[in-house]
Amino acid sequence: MPPANQRAAFLSFEGIDGSGKSTQARRLAASLRDLGHPVTLTREPGGSPGAEEIRALVLQGDPDRWSAETELLLFTAARRDHLEKTIRPALSRNEIVITDRFADSTRMYQGLRGNLASTVNALHDLMIGTEPDLTFLIDLDPELGLSRALGRQGSEQRFEDMGLAVQKQMRAGFLALAALHPRFRVIDGARDPDSIAAEILSLTLAHLG
Ligand code: ADP
Ligand code: TYD
């Protein structure tokens, strides 16, 4: 049974590749479900059938496959579909939506790395216009993150192939963004998964009241 006063909430996980976002998003979803909350667990790029098709276009192939501008449009198109088809419907059912990455990833990877910060923000305002209520930034040394990410096998290596210097720039950028917005909670990702999960659950329950 959902808690009697169940309210919608929109939570995101952000951080560099391999920082533990997917692990912790899954664990938070499981803990909240155990407490009776209805949860939609989703991810970007992807999270809806159309957006998952775009995911394959942006994550596979040569690192130079797309210009920074084209890539930004693809990520934004995927996010718009994700918002329309998955996120908004779940929030209107009063569910807790947990997304593994959202617009802050675009601010970092296309805005900061692609040097398109003002275009990213303009396009966000025009086409997305929504921010999470709470954002968990899992902060981790990029060398550790990269070795964890490269340990996973798969074809989605386009971004991991960008290397350590980019991941260092992303880490610094995420921390700077977190300092600007009160919705962020910075989580030390260099601990065991249980301790991290316990901290995130407690911060989430505090937010839900
Ligand atoms: P992300 O989604 O941020 O890329 P993942 O959750 O997929 O990160 O984790 C990357 C890899 O590191 C996975 O193999 C996962 O099992 C492992 N991992 C996740 N969290 C931890 C942790 N706290 N300590 C050690 N390894 C971890
Ligand atoms: P993801 O599958 O979350 O990778 P990981 O589990 O390794 O963190 O995301 C894949 C890549 O997509 C990641 O390197 C970041 C990148 N990305 C962007 O460049 N812009 C975006 O808007 C999003 C959502 C992701």
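Numbers for residues simply follow the sequence, beginning at 1. In what follows, every heavy atom counts, from backbone to side chain, and hydrogens, waters and symmetry copies are set aside. Just so you know, ligand 1 is whichever comes first in the structure, and atom 1 is the first atom listed for that ligand.
Residue-ligand proximity, T106 to ligand 2, at heavy-atom distances under 4.0 Å covers atoms 21 (C), 22 (O). Atoms of ligand 2 found under 4.0 Å from any heavy atom of P45 (numbered from 1 in listed order, with element): 24 (C), 25 (C). Ligand-side atoms of ligand 1 in range of I196: 23 (N), range being under 4.0 angstrom from any heavy atom. Remark: ligand 2 atoms within the under-4.0 Å shell around heavy atoms of K21 are 8 (O). Shown in contact with L59 at under 4.0 Å from a heavy atom are these atoms of ligand 2, numbered in order with element: 10 (C), 11 (C), 12 (O). Ligand 1 places these atoms under 4.0 Å from at least one heavy atom of S22: 1 (P), 2 (O), 6 (O), 7 (O).
Heavy atoms of Q110 found under 4.0 angstrom from ligand 2 belong exclusively to the side chain. The residue V58 has no part lying near ligand 2, judged by heavy-atom distances below 4.0 Å. No part of Q167 comes within 4.0 Å of ligand 2, judged by heavy-atom distances.
Under a 4.0 angstrom heavy-atom cut-off, G15 registers as lying outside contact with ligand 1. Within the structure, the closest approach of R55 to ligand 2 falls below 4.0 Å when heavy atoms are considered. The closest approach between a heavy atom of R191 and any atom of ligand 1 is below 4.0 Å.
Residue S22 has no N or O atom closer than 3.5 Å to an N or O atom of ligand 2. An N or O contact shorter than 3.5 Å is missing between E71 and ligand 2 by distance. Considering backbone and side-chain N/O atoms, D192 never comes within less than 3.5 Å of an N/O atom of ligand 1. Ligand 1 has no N or O atom lying under 3.5 Å from any N or O atom of Q24, backbone or side chain. In terms of N/O distances under 3.5 Å, ligand 2 is approached by R79. Residue-to-ligand polar distances keep D17 apart from ligand 1: every N/O pair is separated by 3.5 Å or more.
Rounding to the nearest 0.5 Å places CG of D188 at 5.0 Å from CZ of R191. Atom-to-atom distance recorded for E71:CD and R65:CZ is 10.5 Å, nearest 0.5 angstrom. Distance OG1/T76 to CD1/I54: 9.5 Å, rounded to 0.5 Å. To the nearest 0.5 Å, atom CG of residue L205 and atom CD1 of residue I200 are 12.0 Å apart. Taken to the nearest 0.5 Å, the OG1 atom of T86 stands 10.5 Å off from the CG atom of L91. Atoms CG and CG, on N121 and L126 in that order, are 12.0 Å from each other to the nearest 0.5 Å.
Taking the charged nitrogens against the carboxylate oxygens, E44 and R80 have no contact shorter than 4.0 Å, which rules out a salt bridge. A salt bridge links R43 with E52: at least one charged nitrogen is closer than 4.0 Å to a carboxylate oxygen. A salt bridge does not link R148 to E143: none of the charged side-chain nitrogens sits closer than 4.0 Å to a carboxylate oxygen.
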Validation: residues 168-180 side-chain donor-acceptor distances under 3.5 Å, sequence neighbours left out:
{"unit_1": "R171", "atom_1": "NE", "unit_2": "D139", "atom_2": "OD1", "d": "2.8"}
{"unit_1": "R171", "atom_1": "NE", "unit_2": "L140", "atom_2": "O", "d": "3.3"}
{"unit_1": "R171", "atom_1": "NH2", "unit_2": "D139", "atom_2": "OD2", "d": "3.0"}

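Taking all heavy atoms of F13, F102, F75 into account, the minimum distance to atom 18 (C) of ligand 2 is reached by F75. Of all the listed residues (D17, I16, T23), D17 holds the heavy atom that lies closest to atom 13 (C) of ligand 2. Nearest to atom 15 (C) of ligand 2 by heavy-atom distance, out of R43, R113, R101, H82, is R101.
For the pair R101 and F13, the cation-pi criterion (under 6.0 Å, within 45° of the ring axis) is not fulfilled.
With sequence neighbours excluded, no residue forms a side chain to side chain donor-acceptor pair (under 3.5 Å) with D133.
Considering all non-hydrogen atoms of both residues, A78 and A51 come closest at O-CB, 3.4 Å.
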